[in-house]
Amino acid sequence: MSKKLDVAIAGLGRAGWSIHFNKLKDAPDFRLAAVIDPLAERLEEAAALSGCRTYRTPGAFWKNELPDILVVATPTRLHERHARRALREGCHVILEKPMTTTLRSADRIIEEAERHGRRVLVYQPHRLAAETQTLKSILDSGTLGPVYLIRRLLTRYVRRNDWQSLRKHGGGMLNNYGAHYIDQLLYLSDGTPIVDTQCNLWSVATRGDADDVVKVWLRTRRSQLLDLEVNQAAALPLPPWHVCGRYGTLVQSENAFRIRYYDPDQAPELRVLEGAAPGRSYDNKDRLPWREETVPIRSEAQLDFYANVHETLTRNAEPHIKTHESRELIRVIEQCRKRSAF
């Protein structure tokens, strides 16, 4: 029988409630001990559904509680404060994405964790999603040949008006969705460091002052291009994934990936011709043996974040999301913001 870990949640907003509370209140490997939130109605609802203890302030919480894990689902600008306090108290920490607001802040959190021998794990669920895991298996198979472009898109029209639309709260789509999708791109990339970053940000449809259109280009040391577009002001959508390799291309179409590729060993010989084009023709008569496949995205490919957290903390398993990867994500986001001059 596996050991149950006591867990508390700081922040019962959208992510804290719909993701972490709903997962943990019935999780067999965890015991939801307590929650913290300034809104009384949220605390009452949490207590009624789970029987957990409730606190309006972190100060009151720390006088009475010492869980194994604190989940920090407060606004991003508060992450460092809450994480470092929990680490000093002796808790492991799960942080909602993004980890924090700056690279220096991320380093302070990591240093605090190392000082106290605790773990910091960042909730980056998109790399664990069935679509990402399916795509990774396709890339690892070599079907497309060496991949030179991985393009990720989110295109829709949303007039955002919540705290995520305001710069003063750390809002904007680079921090919000960008944290998910840049993490996906880094995870799927060739694994070499990012050596060049370009970024443009716009504020278009949002009702606030933060960015809602993001364009990012990242180049790895091996010259692979990672291309991200988060466009909250696009009335017509584009496919969410577009990947190009030397021998083929992949796009996502609804709940599947459509692939067109050829086997280079079966391609006809094609010599370079210098001089005038034969017969003035634009057609060089090259006919490649194209193949087409559709690979479905199956839900069973999804990885379980909290199951892995339990294995990491009780059996020293490898975490799905390593701390240095979360730090690299913050570094890249910080570089993007500097490059954007927004």
Side-chain angles (χ1 to χ4, degrees), residues 1-37 42-43 45-74 78-100 106 109-129 302-327:
M1 185 175 181
S2 63
K3 175 190 175 184
K4 280 200 171 190
L5 298 176
D6 284 340
V7 60
I9 303 172
L12 293 177
R14 286 172 296 204
W17 182 263
S18 63
I19 298 170
H20 301 286
F21 180 86
N22 282 333
K23 174 69 175 181
L24 291 167
K25 67 181 177 64
D26 299 316
D29 293 329
F30 298 90
R31 183 182 301 105
L32 183 56
V35 295
I36 316 164
D37 196 277
R42 291 181 176 180
L43 297 178
E45 188 176 8
L49 287 172
S50 72
C52 67
R53 296 179 290 278
T54 62
Y55 298 90
R56 295 282 293 272
T57 66
F61 170 85
W62 289 117
K63 287 179 181 177
N64 297 283
E65 304 286 345
L66 188 59
D68 296 302
I69 307 166
L70 179 69
V71 177
V72 178
T74 55
L78 301 177
H79 282 191
E80 181 185 350
R81 181 195 311 173
H82 295 320
R84 293 181 68 186
R85 173 68 186 272
L87 293 164
R88 287 196 299 271
E89 295 288 346
C91 300
H92 301 289
V93 171
I94 293 171
L95 286 166
E96 250 299 324
K97 64 80 197 167
M99 182 180 188
T100 185
I109 294 171
I110 293 168
E111 288 165 7
E112 197 81 68
E114 291 173 348
R115 188 177 302 121
H116 298 283
R118 301 289 91 184
R119 292 268 197 168
V120 174
L121 302 165
V122 181
Y123 185 67
Q124 297 279 173
H126 281 54
R127 72 156 63 187
L128 311 180
Q302 173 124 4
L303 300 178
D304 190 313
F305 174 79
Y306 271 107
N308 178 247
V309 167
H310 189 271
E311 289 288 300
T312 298
L313 298 182
T314 61
R315 300 184 182 180
N316 203 32
E318 278 288 304
H320 286 326
I321 303 151
K322 299 174 179 62
T323 305
H324 74 269
E325 295 171 335
S326 297
R327 181 191 185 275

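The basis for the numbers below is simple: all heavy atoms, side chains too, and nothing from hydrogens, waters or symmetry mates. Values in this document were obtained by computation on a predicted structure and should not be read as measured data.
For the pair H92 and T312, the minimum side-chain heavy-atom distance is 4.5 Å or more. Side-chain contact check for V72 versus E96: every heavy-atom pair is 4.5 Å or farther apart. Counting only heavy atoms from C-beta outward, the side chains of L121 and I321 never approach each other to under 4.5 Å. The side-chain heavy atoms of P319 and V309, taken from C-beta on, include no pair separated by under 4.5 Å. Proximity of H20 to Y306: side-chain heavy atoms (C-beta onward) are separated by under 4.5 Å at one or more points. Within the 4.5 Å cutoff, no side-chain heavy atoms of V7 are placed close to those of I94. Side-chain contact between K97 and Y123 is absent, with no heavy atoms from C-beta onward closer than 4.5 Å.
Distance CZ/R315 to NZ/K3: 12.5 Å, rounded to 0.5 Å. Note: N308 CG to L303 CG = 8.0 Å, rounded to the nearest 0.5 Å. Note that the SG atom of C52 and the CD1 atom of I9 stand 7.5 Å from one another [nearest 0.5 Å]. Taking CG of D29 as the start and NE2 of H310 as the end, the distance is 4.0 Å to the nearest 0.5 Å. Atoms CD1 and CG, from I19 and L24 in turn, are 11.0 Å apart once rounded to the nearest 0.5 Å. Note that the CG atom of L32 and the NZ atom of K25 stand 9.5 Å from one another [nearest 0.5 Å].
H116 pairs with exactly one of E112, E114, R118 by the side chain to side chain donor-acceptor pair (under 3.5 Å) rule, that one being E112.
When all heavy atoms of C91 and L66 are compared, the pair lying nearest together is SG-CD1, 3.8 Å. The minimum heavy-atom distance linking Q302 with A129 is given by the pair OE1-CA, 3.8 Å. Residues G11 and A73 approach most closely at O-CB, 3.8 Å, considering heavy atoms. The shortest heavy-atom contact between L87 and A113 is CD1-N, 3.7 Å.
For T323 (side chain) and V120 (main-chain N/O), a donor-acceptor pair under 3.5 Å exists by modelled atom type. The backbone N or O of L128 lies less than 3.5 Å from no partner atom in the side chain of D304, so there is not a single donor-acceptor pair. No donor-acceptor pair under 3.5 Å is formed between the side chain of H82 and the backbone N or O of P58. Of the possible donor and acceptor atoms, none in the side chain of D37 sits under 3.5 Å from a partner among the backbone N and O of R42.
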With side chain to side chain contact (heavy atoms under 4.5 Å, CB included) as the criterion, how do F30 and D68 come out once you've worked through the C-alpha distance, each side chain's angles and the decisive distance to 0.1 Å? CA-CA 10 Å; F30 298 90; D68 296 302; over 6 Å; no
Go through the steps for K23 and F305 under the test side chain to side chain contact (heavy atoms under 4.5 Å, CB included), then give the verdict. CA-CA 10 Å; K23 174 69 175 181; F305 174 79; over 6 Å; no
Would E89 and L70 count as a side chain to side chain contact (heavy atoms under 4.5 Å, CB included) if you check the C-alpha gap in whole Å, the side-chain angles of each, and the deciding distance to 0.1 Å? CA-CA 10 Å; E89 295 288 346; L70 179 69; over 6 Å; no
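Partners of E65 by salt bridge (Lys or Arg N to Asp or Glu O under 4.0 Å), not counting sequence neighbours, listed by chain and number: R53. Shown here are the side-chain contact (heavy atoms from CB on, under 4.5 Å) partners of E325, two or more places apart in sequence or in another chain: R127, K322.
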